[in-house]
There are 2 protein chains.
Amino acid sequence: MSADRTAGGKVLAVLAAFSRERPALTLSELARATGMPLSTAHRVVAELREWGALERGPDGRLRIGLRLWALGALAPRGLGLREAALPFMEDLYEVTHQNVQLAVRDDTEVVFVERIAGWDAVPVHTQVGGRFALPPTGVGLVLLAHAPAEVQERVLAGPLQRHTPYTLTDPRLLRQVLAEVRRTGVAVSDRQVTTDAVSVAAPITAGDDVVAALSVVVRGESPAAVRALTPGVRAAARGISRELGRAAAGTWPVDRGKGVSG
Amino acid sequence: MSADRTAGGKVLAVLAAFSRERPALTLSELARATGMPLSTAHRVVAELREWGALERGPDGRLRIGLRLWALGALAPRGLGLREAALPFMEDLYEVTHQNVQLAVRDDTEVVFVERIAGWDAVPVHTQVGGRFALPPTGVGLVLLAHAPAEVQERVLAGPLQRHTPYTLTDPRLLRQVLAEVRRTGVAVSDRQVTTDAVSVAAPITAGDDVVAALSVVVRGESPAAVRALTPGVRAAARGISRELGRAAAGTWPVDRGKGVSG
DNA sequence: GATCGTCTCCCGTCAGGCGGAAGGGCACTG
DNA sequence: CAGTGCCCTTCCGCCTGACGGGAGACGATC
């Protein structure tokens, strides 16, 4: 939001002004949103447009450009991961016709990287690129269970938001659940986000690190709803892990506790 | 490549150094690739890292960060389009188990936005985010047929690369094909990219504009291979178009001839 | 311990970012 | 058709913050 003092910061501030809620902005809106003078915004935007980071539609509004999208596609935790995972997710979807989700952890949040859903599946309010708290979701439980201790502590210490009567908010209980997740290799989220959905998730690994999680979300009112799906999810997750190992060398990062600069 | 004189240019130059071939770079490699002094690269990278545009893996290499990926996801012609199209692509995939592709046009090239493929499908060398010439591909033919005249002229005038003995390289012939594509509403690419693959494509529209194209690629040695698929592809493309119309207002840009500033 | 590669930090200089102001284009209004 | 309120674009002099050489830490490899 606040206009950076630095030149590069302004470039980033302009980009940061775009969000899921506001994917298209006029120059003036952009200037207001970033708090920078119109002429400054204009100059920065011109540079970004020339490069292809921003595009201007026929309505005159600015949008994220195709080049930036393609660049983002190079993120190993974005499309790289997705590329490896999609065929397995397809299989899972074809069998279940339910929501199939792929997610990674970013600090104390889960970021959804891919989601397949038919029209008949339970409506879930996750979107690709979207974020959510870790504890209530299946994928989040998996990712949290295998996160560095320091991250776990911060999550357990912080306020745990309640979404339904079933949401776990007791740190002690949550700790037990996480241990269970580590022991069994799967996580089940029973109506913790909405009262009509249950999910089962399994970890995806690269080397010794858990780099992502895969889940299936179904309509249901008890863990039994996903029991039959568990083997399928585990198998798919392992398949993806294997595929990742096969991928080109040096493509795989690991997620460390906090993204602070060194 | 060449290090920009401006501060913002340096930021973009650093980002541009990442490519499909080189998705991970050390700081020094980055400095060499962009031609900027190490200390300058260091400063720029620090800023980008703090913002989340770049991440550093445990191997010390820099990669495109999750935040940049999420930002790219806001591109209407990227994920926005994909989001609307995926369910229909699923259906098509489930029926055919072949490559199902979604693409848009960027100037005189086709950019692949999504691709679903099983293991048994014909191997095609397209990747999400990747580019290709327009004329030889099914999606490209559709997009070219509905492109502004000025774009068509440039493509037809420019050298038309031959990939197989079947590739159309005669501008006159190509012009006829394009007319045919406009008349029938579908395009068939018969072994124009590889000698064992045939594809059928249909346009996706928003308002009166063709904004994308959908195709199925199958193993085959004549247009007959895709005849049975044609209605399915058309239907799916229309379904996606309808879905786009339903999408939130003001989300849809139109592709104009050249991206020159006005 | 020498040599090469990597990354990080400091700081004096001066190029280039900054943003106020002015001007032009549209659309709607009285 | 002057008046008002948006939008966008361009210009240009001031001065700040970007620039990059250099020094130094660290880690491999020989």
Side-chain angles (χ1 to χ4, degrees), chain A residues 1-18 22-51 53-63 65 249-250 253-254 256 258-262, chain B residues 1-18 22-51 53-63 65 249-250 253-254 256 258-262:
Chain A
M1 301 296 136
S2 60
D4 260 60
R5 228 71 277 273
T6 80
K10 284 183 205 299
V11 170
L12 297 176
V14 164
L15 293 180
F18 292 86
R22 303 199 298 169
L25 299 166
T26 68
L27 182 60
S28 307
E29 285 169 346
L30 194 52
R32 277 192 296 272
T34 55
M36 53 177 74
L38 192 59
S39 57
T40 302
H42 180 261
R43 187 163 28 80
V44 173
V45 164
E47 197 159 25
L48 286 169
R49 280 221 290 157
E50 190 178 355
W51 191 79
L54 295 181
E55 291 178 357
R56 154 168 278 167
D59 57 356
R61 288 171 166 246
L62 296 162
R63 295 176 176 77
V254 183
R256 286 191 283 191
K258 242 190 139 177
V260 208
S261 67
Chain B
M1 298 296 132
S2 59
D4 260 59
R5 229 64 288 266
T6 80
K10 283 182 207 300
V11 170
L12 298 175
V14 164
L15 293 179
F18 292 86
R22 303 200 297 172
L25 299 166
T26 68
L27 182 61
S28 307
E29 285 168 347
L30 195 52
R32 278 193 294 272
T34 56
M36 52 178 76
L38 190 59
S39 58
T40 302
H42 180 261
R43 188 162 28 80
V44 173
V45 164
E47 196 160 25
L48 286 169
R49 280 220 290 157
E50 190 178 353
W51 190 80
L54 295 181
E55 290 177 359
R56 153 168 279 167
D59 57 355
R61 290 172 166 244
L62 297 163
R63 295 177 177 76
V254 184
R256 287 192 285 189
K258 246 192 139 177
V260 208
S261 67

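Per chain, numbering begins at 1; letters A, B, ... match sequence-line order.
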Chemist: Mind checking whether Leu48(A) and Leu12(B) have side chains closer than 4.5 Å, heavy atoms only?
Modeler: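 Answer yes - side chains close enough.
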Chemist: Rounded to the Å, how far apart are Asp59(B) CG and dG27(D) P?
Modeler: 17 Å
Chemist: For the side chain of Ser39(A) and the base of dG20(C), is some donor closer than 3.5 Å to an acceptor across the two?
Modeler: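 Checked by distance alone, the answer is yes.
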Chemist: Distance check needed: dC8(D) C1' versus Arg49(A) CZ, whole Å only.
Modeler: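 Taking CZ of Arg49(A) and C1' of dC8(D), I get 10 Å after rounding.
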Chemist: What is the distance, rounded to the nearest whole Å, between atom CD of Glu50(B) and atom P of dT8(C)?
Modeler: 14 Å
Chemist: Using whole Å, report how far CE of Met36(B) lies from C1' of dG20(D).
Modeler: 12 Å
Chemist: Round to a whole Å and report the spacing from CG of Leu30(B) to P of dT6(C).
Modeler: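 To the nearest whole Å, that distance equals 12 Å.
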Chemist: Where each residue is assigned the nucleotide of DNA chain D containing its nearest heavy atom, which of Pro37(B) and Glu29(A) is assigned the position nearer the 5′ end?
Modeler: Glu29(A)
Chemist: When rounded to the nearest 0.5 angstrom, what is the spacing between CG in Leu25(A) and OG1 in Thr34(A)?
Modeler: 9.5 Å
Chemist: Could you state the CG-C1' distance from Leu38(A) to dG23(C), rounded to the nearest angstrom?
Modeler: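 To the nearest whole Å, that distance equals 13 Å.
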Chemist: Between atom CZ in Arg61(A) and atom C1' in dC8(D), what is the gap in whole Å?
Modeler: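 Result: 14 Å.
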Chemist: Taking the side chain as everything from C-beta on, heavy atoms only, tell me whether Leu62(A) gets closer than 4.5 Å to Arg49(A).
Modeler: yes
Chemist: When rounded to the nearest 0.5 angstrom, what is the spacing between CZ in Phe18(A) and CG in Leu54(A)?
Modeler: 5.0 Å
Chemist: Where the side chain of Lys10(A) is concerned, which of dT9(D), dC18(C), dT8(C) is the nearest nucleotide?
Modeler: dC18(C)
Chemist: Looking at His42(A), does any N or O in its side chain come under 4.0 Å of the phosphate oxygens OP1/OP2 on dT9(D)?
Modeler: yes
Chemist: Does OP1 or OP2 of dC18(C) have a side-chain N or O of Arg43(A) closer than 4.0 Å?
Modeler: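 So the side-chain polar atoms of Arg43(A) do come within 4.0 Å of the phosphate oxygens OP1 or OP2 of dC18(C), strictly under.
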Chemist: Side-chain contact, heavy-atom cut-off 4.5 Å: Val44(A) with Glu47(A)?
Modeler: no
Chemist: Is the phosphate of dC7(D) approached by Ser28(A) (side-chain N or O, under 4.0 Å from OP1 or OP2)?
Modeler: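 Answer yes for this pair, as a side-chain N or O of Ser28(A) is under 4.0 Å from OP1 or OP2.
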Chemist: For a quick test of reading the model: is some side-chain N or O of Arg32(B) closer than 4.0 Å to OP1 or OP2 of dT6(C)?
Modeler: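 True: Arg32(B) side-chain N/O within range (under 4.0 Å) of dT6(C) OP1/OP2.
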Chemist: Using the side-chain heavy atoms of Ala7(A), tell me which of these nucleotides is nearest: dT6(C), dG17(C), dT10(D).
Modeler: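 Of dT6(C), dG17(C), dT10(D), dG17(C) is nearest to the side chain of Ala7(A).
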Chemist: Check whether any side-chain N or O of Arg56(B) sits under 4.0 Å from OP1 or OP2 of dT8(C), and answer yes or no.
Modeler: yes
Chemist: Would you indicate which nucleotide in dT10(D), dG19(C), dG20(D) comes nearest to any side-chain atom of Thr40(B)?
Modeler: dG20(D)
Chemist: Taking for each residue the nucleotide of DNA chain D bearing the nearest heavy atom, is the 5' side occupied by Leu25(A) or by Thr6(A)?
Modeler: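 Here Leu25(A) is the residue nearer the 5' end.
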Chemist: How close or far is atom P of dA18(D) from atom CD of Glu47(A), stated in whole angstroms?
Modeler: 14 Å
